[in-house]
Protein chains: 2
Amino acid sequence: MRLSTKGRYAVMALVDLASKSKDKPIALADIATRQEISLSYLEQLFAKLRRGGVVRSVRGPGGGYMLAMPPTQLRIADVIMAVDEPIRATRCSPGSPQGCMNNKVRCITHDLWEELGNQIYLYLSSVTIEDVITGRVLGTSGLVHRQTQSERLAAQ
Amino acid sequence: MRLSTKGRYAVMALVDLASKSKDKPIALADIATRQEISLSYLEQLFAKLRRGGVVRSVRGPGGGYMLAMPPTQLRIADVIMAVDEPIRATRCSPGSPQGCMNNKVRCITHDLWEELGNQIYLYLSSVTIEDVITGRVLGTSGLVHRQTQSERLAAQ
DNA sequence: TAAAATCCGACTATTCTGATTGGTTTTCTT
DNA sequence: AAGAAAACCAATCAGAATAGTCGGATTTTA
């Protein structure tokens, strides 16, 4: 699971699309204006979203894009994965299973990034486009230090 | 909380440092060789780590770097925050409180990225350098879909 | 047929990363 | 005191990724 501004732009655009669409396609030009994203850049993002099965397109005048599924079923994680290239091969990073071989031995931080990737994926697949629109996004977390892994294990 | 390869290199280097150090400083040249990171790049990272209070330095022959605190108390989140520039001002992103003002109104995805940032921070501050060394990193998560926020709220 | 829109490929400017170079300072060892 | 080992420092650079631009081609509606 890779995080980048590209994914954030895609989510912004889809939230805009979902909140404006009522069974009729929305033109990218409208989204570009409202969200202040360049039209051509949006076209590139939506090409990926279409190939990833996130949106459907209607060509010709009056055309545009629609969500391929109801916003209650479209998870943010699906959006991110559709637009972000899956891996980058530079050393160990969340989502690069092989890139961290250092003298044939898996680098010592591999499991950490792997698990971080899981945590991010879990959170982003617990939030749908609809959740973002209706503001059901905040967890109970807050910004406090938690138990460390050692402390958690020691407490058992 | 920004995630980048810079932070991952820093964690790799600090894990190496902590696992080799026994109260004596370790030269960056040694870490550079073992972890296959360029010495000069490591110098830049450790300059930030020192300014951030993560490591202490000893100059002169036989010198090097030591952790500023025991590895059981050094959280991964502290390392990442020391080396990664805090914000990037382009639009709404986790950790940019102000950058997403679109016509004076907070962008609709703001809370999502904010909460994602919290989730990442929470996980990375639940893991210490010592945890990474001893492999206490894996959660109970696994790669499954969770309840969506709506489903969770509806179940109450 | 004209216009609206998606679709497509190539190109550009900017930023970030990781690395390089060429030093300087400090401090230990001899 | 001399030499060397190391941290320190600043400027620069090549490559990749990001964000955007341009000029069209294709589809479809009106």
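Per chain, numbering begins at 1; letters A, B, ... match sequence-line order. Values in this document were obtained by computation on a predicted structure and should not be read as measured data.
In this structure, the CG atom of Leu28(A) is 14 Å from the P atom of dG20(D), given to the nearest Å. In this structure, the CE atom of Met66(B) is 15 Å from the C1' atom of dA7(D), given to the nearest Å. Protein atom CG of Asp84(B) is 10 Å distant from nucleotide atom P of dG18(C), rounded to whole Å. Distance CZ (Arg51(B)) to P (dA7(D)): 15 Å, rounded to an integer number of Å. Rounded to an integer number of Å, the gap from CG of Leu49(A) to P of dT6(C) is 13 Å. Following rounding to the nearest Å, Tyr41(A) (OH) and dC11(C) (C1') show an atom-to-atom distance of 16 Å. Across the protein-nucleic acid pair, Gln35(A) atom CD and dA19(D) atom C1' stand 16 Å apart, rounded to whole Å. For Leu42(B) and dA7(D), the CG to C1' distance is 13 Å, given to the nearest whole Å.
Between dT17(C), dT18(D), dC9(D), one nucleotide has an atom nearer to the side chain of Arg50(B) than all others, and that is dC9(D). Listed nucleotides dG18(C), dT18(D), dT21(D) differ in distance to Lys6(A); the shortest reach to its side chain belongs to dT18(D).
From one end of the helix from dT1(C)-dA30(D) to dT30(C)-dA1(D) to the other, with five pairs defining each end axis, the axis direction shifts by 10° (rounded to 10°).
At a threshold of 4.5 Å between non-hydrogen side-chain atoms, the residues Thr33(A) and Asp30(A) do not count as touching. Considering only heavy atoms from C-beta on, Tyr65(B) comes within 4.5 Å of Ser57(B) through its side chain. Side-chain contact between Arg56(B) and Leu49(B) is absent, with no heavy atoms from C-beta onward closer than 4.5 Å.
Using a 30° and 60° split on the angle between ring planes, Tyr41(A) and Tyr9(A) fall in the perpendicular class, above 60°.
Between Ser57(B) and dC8(D), a side-chain N or O to OP1/OP2 separation shorter than 4.0 Å is present.
Closest approach of Gly7(A) and Val83(A) over heavy atoms only: CA-CG2, 3.7 Å. Here the shortest heavy-atom pairing between Thr128(A) and Thr72(A) reads CG2-O, 3.3 Å. Closest approach of Met66(B) to Asp23(B), counting heavy atoms only: CE-O, 3.5 Å. Residues Val137(A) and Tyr123(A) approach most closely at O-OH, 3.0 Å, considering heavy atoms. The two residues Leu45(A) and Lys6(A) have their closest heavy-atom pair at CD2-CG, 3.3 Å.
No contact: Leu39(B) has no heavy atom under 4.0 Å from any strand. Using a 4.0 Å heavy-atom cutoff across all strands shown, Phe46(B) reaches no nucleic acid atom at all.
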Give me, pair by pair, the N or O atoms of the protein and of nucleotides 21-30 of chain C that are less than 3.5 Å apart, along with how far apart they are.
from: dT25(C); atom 1: O2; to: Arg59(B); atom 2: NH2; distance (Å): 2.9

